[in-house]
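Reckoned from all heavy atoms, side chains included, excluding hydrogens, waters and symmetry mates. We're numbering straight along the sequence, starting at 1.
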Amino acid sequence: MSNDYVFHAGEATVLAADGQFTDAMPEILIGRTNGPVGQAFANMMAQSKGHTAMFAIRACNQMVRPATITVPKVTLKDVANIDLFGGVVQSATADAVVDCVAEGIIPKALVNELCIVSLVWIDPRCAKDPNLDKKDMYRTNYEATKLAIKRALNNEPSIDELIKNRHTIKHDMDDWS
């Protein structure tokens with residue numbers, strides 16, 4: 001693991017339970033507040049249209065450390081999706097960040113020097129699903145965020161793994177190669 005903490009990127013996918021649309025696919029940037037990730041973080045705070053960002057908080061007055069901003073990958077156009085983003089997804093992201101610190105994945109001594117930008121996906125079908133399982137949505141976002149942070153800080157996958165699997169692993173949506 002590189003200990004410079006200038007710029008680390010990671011992603012993860014955790015699939016939903018059967019019958020749910022709660023797949024989680026966060027994309028994470030983590031780095032120092034005085035570096036490129038800190039600049040991106042500050043720029044997200046000034047954005048007023050489009051993909052509105054929110055701090056990851058555990059509850060009112062409980063913003064996590066490192067400071068984390070969650071950004072939806074699509075524009076949220078209705079209250080139901082905004083409620084899921086600012087409720088279940090925000091909570092899962094916040095808990096994952098705090099647990100990463102508690103477990104030593106993120107060094108506790110650096111929590112005020114690092115920041116995280118987390119791009120998150122909410123399937124538009126979730127808000128309209130009368131059988132939406134918010135516990136599953138929490139689970140997938142929590143697990144995927146933790147995994148994405150671990151991968152980011154461990155620089156995974158390695159370039160050797162990517163080269164080795166170049167012709168054996170295909171994109172999940174289709175194979176265009």
*Can you sort out the partners of Leu147 under side-chain contact (heavy atoms from CB on, under 4.5 Å), two or more places apart, ordered by chain and number?*
Ala12, Arg151
*Does the side chain of Val14 reach to within under 4.5 Å of the side chain of Asn141, using non-hydrogen atoms?*
no
*Pairs in or reaching into residues 125-135: which pass salt bridge (Lys or Arg N to Asp or Glu O under 4.0 Å), with residues at least two apart or in two chains?*
Asp123-Arg125
*When Ile, Leu, Val, Met, Phe, Trp and Tyr are grouped by side-chain heavy atoms lying under 4.5 Å apart, directly or through other members, which residues fall in the same group as Leu162?*
Ile159, Ile163
_Under the rule for side-chain contact (heavy atoms from CB on, under 4.5 Å), what residues qualify as partners of Ala9, not counting sequence neighbours?_
Phe7, Leu29
*Apply ring pair (Phe, Tyr, Trp, His ring centres under 6.0 Å) to Phe41 and list each qualifying residue two or more places apart in sequence or on a separate chain.*
Phe55
_Qualifying side chain to side chain donor-acceptor pair (under 3.5 Å) pairs with a residue from residues 104-115, counting only residues at least two apart or across chains_ = Arg32-Glu113
*Tell me the side chain to side chain donor-acceptor pair (under 3.5 Å) pairs involving residues 79-92, sequence neighbours left out?*
Asp78-Asn81
_Quick check against the 3.5 Å criterion: does Asp136 have a side-chain atom that pairs as donor or acceptor with the backbone of Ala17?_
yes
*Name all residues meeting the salt bridge (charged side-chain N to carboxylate O under 4.0 Å, His left out) criterion together with Lys150; count only those two or more places apart in sequence or in a different chain, and write none if there are none.*
none
*Partners of Gln39 by side-chain contact (heavy atoms from CB on, under 4.5 Å), sequence neighbours excluded?*
Asn43
*Report the residues that fulfil side-chain contact (heavy atoms from CB on, under 4.5 Å) with Thr168, sequence neighbours left out, ordered by chain and then residue number.*
Asn165
*Could you pull out the closest heavy-atom pair between Thr140 and Leu15, with the gap in Å?*
CG2-O, 3.5 Å
*Write out all pairs satisfying side chain to side chain donor-acceptor pair (under 3.5 Å) with one or both partners inside residues 55-69, taking only residues at least two apart or from two chains.*
Arg58-Asp95
*Which value, rounded to the nearest 0.5 Å, describes the distance between Lys146 atom NZ and Asp99 atom CG?*
5.5 Å
*Using the salt bridge (Lys or Arg N to Asp or Glu O under 4.0 Å) rule, collect all pairs that involve residues 13-29, keeping only residues at least two apart or in two chains.*
Glu27-Lys73
